[in-house]
2 protein chains.
Amino acid sequence: MNRAEEDYLKQLYELSTNTQSERVKTADLSTALGHTAQSVNEMLKRLSDKNLVNYTPYHGVRLTKKGHQNAVRMIRAHRLWEVFLSDKLDLSWEALHEEAEKLEHATSEVVLDKLYTYLGKPKTCIHGNPIPTADGQVVQGATLTLAQAEPGDVFIVRRVQDHAPLLTYLQARDIALGARLSVVGHESLGDTLVVKHQNQTHRLGQSITARMFGDIET
Amino acid sequence: MNRAEEDYLKQLYELSTNTQSERVKTADLSTALGHTAQSVNEMLKRLSDKNLVNYTPYHGVRLTKKGHQNAVRMIRAHRLWEVFLSDKLDLSWEALHEEAEKLEHATSEVVLDKLYTYLGKPKTCIHGNPIPTADGQVVQGATLTLAQAEPGDVFIVRRVQDHAPLLTYLQARDIALGARLSVVGHESLGDTLVVKHQNQTHRLGQSITARMFGDIET
DNA sequence: CCTCTTTTTATGGTATACCTTAATTTTTAG
DNA sequence: CTAAAAATTAAGGTATACCATAAAAAGAGG
Ligand SMILES: [Mn+2]
Ligand SMILES: [Mn+2]
Ligand SMILES: [Mn+2]
Ligand SMILES: [Mn+2]
């Protein structure tokens, strides 16, 4: 396997986890990876030939057992490297993801296991996302999105998607894991959510609120 | 730059350092990388177009300033990762090299600098080879090879080339850095060097003795 | 059932990085 | 000076991984 294939599997896993559906639409993969539908189709056929995905034209793709295992391994590598880069090298929150994106493809099973032990068997990455165990178990993190919060709620940030622009955005506004956001209300016919955090008011769009997960304070 | 190009530059640097000559012969690159002369020629033309090497057909290749800088950066990355893998993850001596071979291509400048500090600014890798500084300075290691030692000499191993089969060979025979080898004599018309180490006699060929560097005990 | 939209396929193209076989050119050594 | 050896170039191929443009097929809604 190479970087392109590994990134496809990882992206497939993430899309099917995020949308909570087994089958992923080619168009969504296309958007997520930034490749044309044509390129995605070509790659899916190759992945299908290698028995990494189950591709039924017009009905979406699904990871096979083998594809799933590989996807989970990549995610494990990615998140472990993020922990290393943050805990040991003190790399900034937004830089982490891009670096891990490269390192994840250059890591053997042995190194991964040793790294896991060395880091103290962490359970989540720096963005709050669960680190799969060596045997592929993944603990489900928070599933409630900020987009689902209602005016009056206090939303506690538990995990955010590894999306570079999102990380930069949050970092700049001091919104980290554990942040308490008071939901003030909606604007722009519901497209925008207005929240307060540390005496600051933020207007957050769907591409932000749908990527942040947490709990409503009770 | 990508992995192929980076490996060419690194190999060029190593060949010109090992042979102590500016210009590297295409045939030697071909052997070192395990590619055909044709492929090497094609790549050298590409590297030349990118101003990374200075290639004069029939007269060898030389790294340009830009090529040299990149080569040294790769070597720095390689050796720092080796230190990390050994010191922090406790990876075995022979496994180090192969893992670092992958990681070196997935490391940004920032990570490299942080890693360097984190590891305590090491001066050499686990095989005794010098780690270039961030500004490209390389301290010259031992240059006397075991092949040059004479019967009666006691040779102290200071550094060995990062050559997977060599590392495996030495590891299996407990010959590590600092080992004291008593040179007993020559065999096979000088092709083989006979040495004693910890009550064991070893018959070492050119591909081993020319890759081990150290001092003669005085 | 039919149209519209989405998805897929068909073609042809690019760049990288390898390969083989066979000239051709240059160097080198006698 | 010349023949042999070494190095390079030529020509054609493979696989990967992307692209664009256009046609065809399938699904979805009314
Ligand atoms: Mn990646
Ligand atoms: Mn993360
Ligand atoms: Mn390498
Ligand atoms: Mn080394």
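Computed from heavy atoms alone, side chains included, the values below leave out hydrogens, waters and symmetry copies. Every value quoted in this text rests on a predicted model; they were computed, and no experiment measured them. All chains are named by letter (A, B, ...) in the order of the sequence lines, taking the proteins before the strands, and each is independently numbered beginning at 1.
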Rounded to whole Å, OH of Y58(B) lies from P of dT9(D) at a distance of 6 Å
To the nearest angstrom, the CG-P distance between L47(B) and dC18(C) comes to 10 Å
- Message: Please determine whether a side-chain nitrogen or oxygen atom of N2(B) lies at a distance below 4.0 Å from atom OP1 or OP2 of dA17(C).
- Response: yes
**Below 4.0 Å: OP1/OP2 of dA17(C) and any side-chain N or O of R46(B)** = yes
Quiz prompt | Check: T17(B) side chain, Y13(B) main-chain N or O, donor-acceptor pair, under 3.5 Å | solution = yes
From CD of E42(B) across to P of dC19(C) the rounded distance in Å is 9 Å
Donor + acceptor pair across side chains of Q148(A), T145(A) (<3.5 Å) = yes
Ranking dT20(C), dT8(D), dC18(D) by distance to the side chain of H35(A), first place goes to dC18(D)
Would you say Y8(A) reaches dA17(D)'s phosphate, i.e. side-chain N/O to OP1/OP2 under 4.0 Å? no
Closest to the side chain of A27(B), out of dA17(C), dA7(D), dA17(D), is dA7(D)
Between CG of N41(A) and C1' of dA24(D) the distance, given in whole Å, is 14 Å
Of the listed dT8(D), dT8(C), dT7(C), the closest approach to the K25(A) side chain comes from dT7(C)
**Asked** Judged by modelled atom types alone, do T107(B) and W81(B) share a side-chain donor-acceptor pair under 3.5 Å?
**Response** yes
query: Strictly by modelled atom types, are Q161(B) and H127(B) linked by a side-chain donor-acceptor pair under 3.5 Å?
result: no
Between CG of L52(B) and P of dA17(C) the distance, given in whole Å, is 12 Å
Separation of dA17(C) atom C1' from E5(B) atom CD, nearest Å, is 10 Å
**OP:** Assess whether side-chain contact (heavy atoms from CB on, under 4.5 Å) is satisfied between L204(A) and Y169(A), documenting all intermediate values.
**Re:** CA-CA 10 Å; L204(A) 310 173; Y169(A) 185 94; 3.6 Å; yes
To the nearest angstrom, the CD-C1' distance between E6(A) and dT16(D) comes to 14 Å
Side-chain atoms of Q38(A) come closest, of dA11(D), dT9(C), dT8(D), to dT9(C)
From NE2 of H59(A) across to P of dT6(C) the rounded distance in Å is 17 Å
Under 4.0 Å, counting only non-hydrogen atoms across every strand here, what does G60(B) touch: a base, just sugar-phosphate, or nothing?
nothing
* Asked: Does K45(A) put a side-chain nitrogen or oxygen below 4.0 Å from OP1 or OP2 of dT8(C)?
  -> no
ask   = If you look at every strand shown and take non-hydrogen atoms under 4.0 Å, does T36(A) touch a base, only sugar-phosphate, or nothing?
value = sugar-phosphate
Checklist entry - Can you tell me if the side-chain N/O atoms of S39(B) get under 4.0 Å from OP1 or OP2 in dC19(C)? => result yes
